Engineer: 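Before I ask anything, let me first share the structure, which is written out below as structure tokens.
From a predicted model like this one, the values you see are computed outputs, not experimental measurements. Side chains included, hydrogens not; waters and symmetry mates left out as well; all remaining heavy atoms used. One-based numbering, in listed order, for ligands and for the atoms of each.
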Amino acid sequence: MPPADTKKNEHTIIFVEELKRQWLETIDAIPDPLIVVGPDYSISKANMAMSEVAGTTVKKIVNKKCYEVFAARKSPCENCRMQKSSEGDHMPGYEIYNKKNDRWYEVATRRLKNLSGQTSVVQIYRDRTDAKKLQNQMAQNEKLASIGQLAGGFAHEINNPLGGILVFSQMMLREMKKTGKHYQDVVEIEHAARRCKSIVENLLAYSRQRPVKPLLEPVDIHELIQSSLKLATLGLAKTTHHETKLNLKAPIHTLISDKNRLTQVFINLFKNAFQAMAKGGQLSVSTSSNSVRTQHFLLVEVADRGCGISPADLIKIFEPFFTTKDPGQGTGLGLSIVHGIMQDLGGTIEVKSKINKGTTFSLSFPVLQPQKTAGK
Ligand SMILES: Nc1ncnc2c1ncn2[C@@H]1O[C@H](COP(=O)(O)OP(=O)(O)OP(=O)(O)O)[C@@H](O)[C@H]1O
Ligand SMILES: [Mg+2]
């Protein structure tokens, strides 16, 4: 018979092992990545969620630096407050951006002290990317709505005097001799006034102060893409080689929508794509379908291999008057109008871009009634 003390020790060991097992299972059950790091950023513990982000096993993470494992960096992440957290008991959470997987995390930290007084920090990374996107979207919508109001008021005021300039210059042109000294000057005035008028019209369309009668009818998106493409290529220089690749595969491609406004959406996207490929290149347009529970969606992707958009510009492209084009080449209203129309039609538009690689706009339209148009 083993002495009573040995038996008690065995029980204690089993009890401690069981506690350890339960503890490890508990931290593995946490869906957010979690690590325990020392002041030198070395990981001493990690959960399964962290091993998934790192793309390797928990064992391989231990003793590595947190920034290497989590963000594939050679130095601590920007905005990391781990050092500060190891000095105080309670630290407010902070946000970091992980370039490795293009996601935003809110980091909650808590200082730990072991029996010998050594300090480490528990860090839990909550993925905030979707919430942040939604927040940005809402802020963007609010901003666009107030700019729209301002722009609409301004356009409305300008419209009348502009109409006067246009009408009087046209009357003068009719009465002047083409060989007259000032004929060409008045032609210039008339051209400039026409250009201003088209800007004002765009502004009014953008602000939607002009009563827009929704003209809802069945619209075949595949046909509309092809006709918009023809219109968008009209003004292109014949010398530049632009190739177009259509991959129109969506089985459901008829929407109950506004044909003219949809045409405006695609003409703007196609024109921008061609302008981004000044030396020529390929524009691809593809369609597909998607269903979320009972709701069907028609998805359209417009992708070019043009100059791309920098991350700093990417957040501004839907703002009215944001343009990187030379004066006279763009007013910066195209995408803001596209954005407004997509909102009115209950759709969404997203963009992804890489400098010198190209840009892809992804549009999603809710399909109100499922329709059987496959094989059309
Ligand atoms: N496909 C694209 N590739 C690269 N940059 C783009 C693309 N689409 C839009 N952009 C950028 O977004 C800006 C805003 O586009 P938007 O269509 O609103 O205005 P614009 O083309 O400059 O002028 P407008 O359309 O009023 O003539 C552009 O100036 C350009 O910098
Ligand atoms: Mg444009």
Side-chain angles (χ1 to χ4, degrees), residues 136-137 140-141 143-145 147-148 150-152 154-155 158 191-192 194-208 210 225 228-237 240-246 260-286 300-344 347-363:
N136 286 347
Q137 185 73 45
Q140 174 83 344
N141 287 351
K143 194 168 153 192
L144 291 185
I147 298 176
L150 190 80
F154 167 79
I158 290 253
H191 278 177
R194 264 183 204 277
R195 184 162 156 65
C196 290
K197 199 161 170 36
S198 92
I199 296 173
V200 164
E201 270 167 9
N202 275 344
L203 265 179
L204 286 170
Y206 167 70
S207 71
R208 278 164 276 139
R210 170 179 289 193
I225 287 173
S228 307
L229 205 49
K230 273 191 200 143
L231 292 172
T233 45
L234 278 182
L236 287 180
T240 318
H241 183 65
H242 284 115
E243 195 188 321
T244 311
K245 194 173 141 204
L246 296 183
N260 288 336
R261 304 191 82 202
L262 277 177
T263 306
Q264 240 181 318
V265 166
F266 287 109
I267 289 183
N268 271 303
L269 294 180
F270 297 158
K271 272 192 171 171
N272 281 345
F274 289 132
Q275 285 166 346
M277 302 186 289
K279 292 186 184 139
Q282 191 185 65
L283 166 72
S284 323
V285 188
S286 60
V300 185
E301 268 197 8
V302 178
D304 64 62
R305 296 184 187 165
C307 58
I309 307 169
S310 72
D313 286 350
L314 205 59
I315 49 174
K316 298 189 213 143
I317 58 168
F318 293 110
E319 287 177 13
F321 302 112
F322 175 77
T323 182
T324 55
K325 292 170 190 168
D326 289 337
Q329 299 297 305
T331 56
L333 283 172
L335 285 181
S336 55
I337 292 171
V338 167
H339 188 271
I341 295 176
M342 289 305 289
Q343 261 190 331
D344 284 355
T348 59
I349 179 162
E350 285 183 6
V351 55
K352 283 203 170 131
S353 188
K354 271 207 170 136
I355 284 286
N356 295 331
K357 289 263 182 309
T359 304
T360 301
F361 284 90
S362 307
L363 291 80

Engineer: Hey, is ligand 1 close enough to Phe361 that some N/O pair sits below 3.5 Å?
Structural biologist: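 Looking only at distances, the answer is no, because the N/O contact criterion of under 3.5 Å is not met.
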Engineer: Tell me: protein heavy atom nearest atom 13 (C) of ligand 1, and distance?
Structural biologist: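 Nearest protein contact, heavy atoms only, for atom 13 (C) of ligand 1 is Phe322 O, 3.8 Å.
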Engineer: To check your reading of the model: name the closest protein heavy atom to atom 19 (O) of ligand 1, its residue, and the distance in Å.
Structural biologist: Gly332 CA, 3.2 Å
Engineer: Can you tell me which residue and heavy atom of the protein come closest to atom 31 (O) of ligand 1, and the distance to 0.1 Å?
Structural biologist: Thr324 OG1, 2.4 Å
Engineer: Starting from atom 3 (N) of ligand 1, what is the nearest protein heavy atom, named by residue and atom, and what distance separates them?
Structural biologist: Ala276 CB, 3.2 Å
Engineer: I need the contact type for Asp304 against ligand 1. Using non-hydrogen atoms and a strict under-4.0 Å cut-off, is it side chain, backbone, both or neither?
Structural biologist: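 The answer is the side chain of Asp304.
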Engineer: Compute the shortest N/O to N/O distance between Leu333 and ligand 1 and return yes if it is under 3.5 Å, no if not.
Structural biologist: yes
Engineer: Closest non-hydrogen protein atom to atom 6 (C) of ligand 1, residue and atom name please, with distance?
Structural biologist: Ile309 CD1, 3.5 Å
Engineer: Just to check, does Gly308 reach to within less than 4.0 Å of ligand 1 when the distance is taken from its heavy atoms?
Structural biologist: yes
Engineer: Heavy atom of Asp313 under 4.0 Å from ligand 1?
Structural biologist: no
Engineer: Could you find the nearest protein heavy atom to atom 21 (O) of ligand 1 and give me its residue, atom name and distance?
Structural biologist: Lys325 NZ, 2.6 Å
Engineer: Inspect the surroundings of NZ in Lys354 and state if more than 12 heavy atoms from other residues, nucleotides or ligands are less than 6.0 Å away.
Structural biologist: no
Engineer: Below 4.0 Å, non-hydrogen atoms only: which portion of Leu335 touches ligand 1? Side chain, backbone, both or neither.
Structural biologist: both
Engineer: Please check whether Ser336 reaches ligand 1 - meaning an N/O of the residue sits under 3.5 Å from an N/O of the ligand, judged on distance alone.
Structural biologist: no
Engineer: Could you confirm whether Asn268 has any N/O/S atom lying under 2.8 Å from the Mg ion (ligand 2)?
Structural biologist: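 Checking Asn268: none of its N, O or S atoms is under 2.8 Å.
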